[in-house]
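Data first, discussion second: the structure below is written as structure tokens.
The basis for the numbers below is simple: all heavy atoms, side chains too, and nothing from hydrogens, waters or symmetry mates. Here is the naming used below: chain letters follow the sequence lines, and residue numbers restart at 1 for every chain.
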Number of protein chains: 2
Amino acid sequence: MSKTETTKKPTKAGTYHHGDLRAALLEAAETVLEENGIEGFSLRAVAKQAGVSHAAPAHHFGDTAGLLTALAAVGYQRFMAAQEARQANAEKNASSQMQALGLGYVDFALQHPALFRLVFSSDRTNYEDETLAKPANQAFEKLVDGTRNVAGIDPYTDNEAMIDVLAAWAMVHGLADLLNAGRLGPLQRMSDAEREEVIKKIVGRLRR
Amino acid sequence: MSKTETTKKPTKAGTYHHGDLRAALLEAAETVLEENGIEGFSLRAVAKQAGVSHAAPAHHFGDTAGLLTALAAVGYQRFMAAQEARQANAEKNASSQMQALGLGYVDFALQHPALFRLVFSSDRTNYEDETLAKPANQAFEKLVDGTRNVAGIDPYTDNEAMIDVLAAWAMVHGLADLLNAGRLGPLQRMSDAEREEVIKKIVGRLRR
DNA sequence: ATCGAATCTTGACAATGTCAGGATCAAAAA
DNA sequence: TTTTTGATCCTGACATTGTCAAGATTCGAT
């Protein structure tokens, strides 16, 4: 950014070294992913979007799986941000906060469809990588916390409460994934408000 | 099969024309899909597996999306077969038959993981194609029928019953998808019998 | 028996992921 | 200040992929 202009300018910034290419590549990757979908994702398209050579990403992420793994970690930030936004606008009692988690889950799927697939249904991410496993566990912990507050019991010590956790996760995830896949035709064409009411009713089928 | 052996033998059958290449390609495609996963799926690998030239599939399916769409239709046959197998071994009352639908759903996901993804979470299938839309609707009708038998009301005329349909679908689909993605660690390492008990408990959270 | 259409092959092209080797730059070492 | 070392980024190459065009082969109807 602050470097003097050199003769050749292989990058937008005019410097041979980019400065923060890793972050720029992640941003470009998110753009390419949302535009082309996960099956049309291309490493070279990411490089072009970032204005660097086609082999540049390898130095920061290794291969495609490495880049997609790092991008999935970013996806979890978007995911938890969507949930926290819902929680901030919801009443502070346990059950409203729990419902907000579910609505945020669906929000994320609808606002970032390709990222949602990358995070939850891709073979090209490596969950053994700590940079991805950590936010994934954080997101799960939010669900466990919410359930603990509603049920009044720690799911890690009470099996029935852990069943509640898994049931809530499965229900909301299935709803989000089917919506994302366009498999719930009538729901897709509703207004946001209408759809939200139906979603609340569906999730309301979750009882003990 | 019954043709006389010709001099050159570009195909396994020894004939220039294969006879039923379309079916052979579908079979090969299913093999390649389960071996390489959906993201490693390759048209040329399918052709090689079937013993024909790399461009042969185009004459029967157009492009990759065409082949995958036809393969997804096959997937729905596997899917409904898994459900019917469960129903055949279940008690004949409405609620047991409904539970069997769910268990068959999960069976399909675990027995055909890549096919499951192709059917439910792929951008490369065309649901406007009648050959795919038809079995998809058939599968949905099985769910509607099951719910009608349990609730005693037609979901197409009663909104609450349709909510039941969607809730059951979302719950079971989410469970199957998360299991398929390996995101439910503890459940994965259980024996089939143990896992089935937990699954029944989770789905049991579905009440009205 | 012949002709047209369907079936399948061969060859080519652009695009892709990945690797090897070289160019450039920043910052520590001298 | 100069040198050096390692990180950063580029160029070029290769095998693989999907798709198209054109030719070869076979089937079926006339």
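One side chain, A/S191 or A/E194, offers a donor N or O that lies under 3.5 Å from an acceptor on the other.
As rounded to whole Å, 15 Å separates atom C1' of C/dT24 from atom CG of A/L21. The distance between atom CG of A/L25 and atom P of D/dT8, rounded to the nearest whole Å, is 12 Å. If you take NZ of A/K48 and C1' of D/dC9, they are 18 Å apart, rounded to a whole angstrom. Between the CD atom of A/E39 and the P atom of D/dG18 there is a distance of 13 Å, rounded to whole Å. The distance from atom CD of B/Q49 to atom P of D/dT17 is 14 Å, rounded to the nearest whole Å. Between the CZ atom of A/R44 and the C1' atom of C/dC19 there is a distance of 12 Å, rounded to whole Å. Across the protein-nucleic acid pair, A/N36 atom CG and C/dG17 atom P stand 11 Å apart, rounded to whole Å. Between the CG atom of B/D63 and the C1' atom of D/dT17 there is a distance of 14 Å, rounded to whole Å.
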### Task
Go through the steps for B/L115 and B/F79 under the test side-chain contact (heavy atoms from CB on, under 4.5 Å), then give the verdict.
CA-CA 9 Å; B/L115 208 47; B/F79 175 62; over 6 Å; no
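For the side chain to side chain contact (heavy atoms under 4.5 Å, CB included) criterion with A/V32, the lone passing option out of A/K48, A/E27, A/Q49, A/R44 is A/Q49.
For A/S53, no side-chain nitrogen or oxygen approaches OP1 or OP2 of D/dT11 to under 4.0 Å. Between C/dT9 and B/H59, no contact under 4.0 Å exists linking OP1 or OP2 to a side-chain N or O. For C/dC8, one of the phosphate oxygens OP1 or OP2 lies less than 4.0 angstrom from a side-chain nitrogen or oxygen of B/H60.
Distance from the side chain of A/A56 is smallest to D/dC10 among D/dC10, C/dT10, C/dC8. Among the nucleotides D/dC10, D/dG18, C/dT18, the one closest to any side-chain atom of A/V52 is D/dC10. Of the candidates D/dG18, C/dC8, C/dT9, the closest approach to any side-chain atom of B/T64 belongs to D/dG18. Comparing C/dT16, D/dT17, D/dA21 against the side chain of B/S42 picks out D/dT17 as the nearest.
If you check distances only, the side chain of B/R22 never reaches the base of C/dT7 with a donor-acceptor pair under 3.5 Å.
Of the charged side-chain nitrogens involved, at least one lies within less than 4.0 Å of a carboxylate oxygen, so that A/E196 and A/K200 count as a salt-bridged pair. The pair B/D177-B/R183 does not meet the salt-bridge criterion, since no charged nitrogen lies less than 4.0 angstrom from a carboxylate oxygen.
Residues A/H54 and B/R124 both approach DNA chain D. Their nearest nucleotides, taken by heavy-atom distance, put A/H54 toward the 5′ side.
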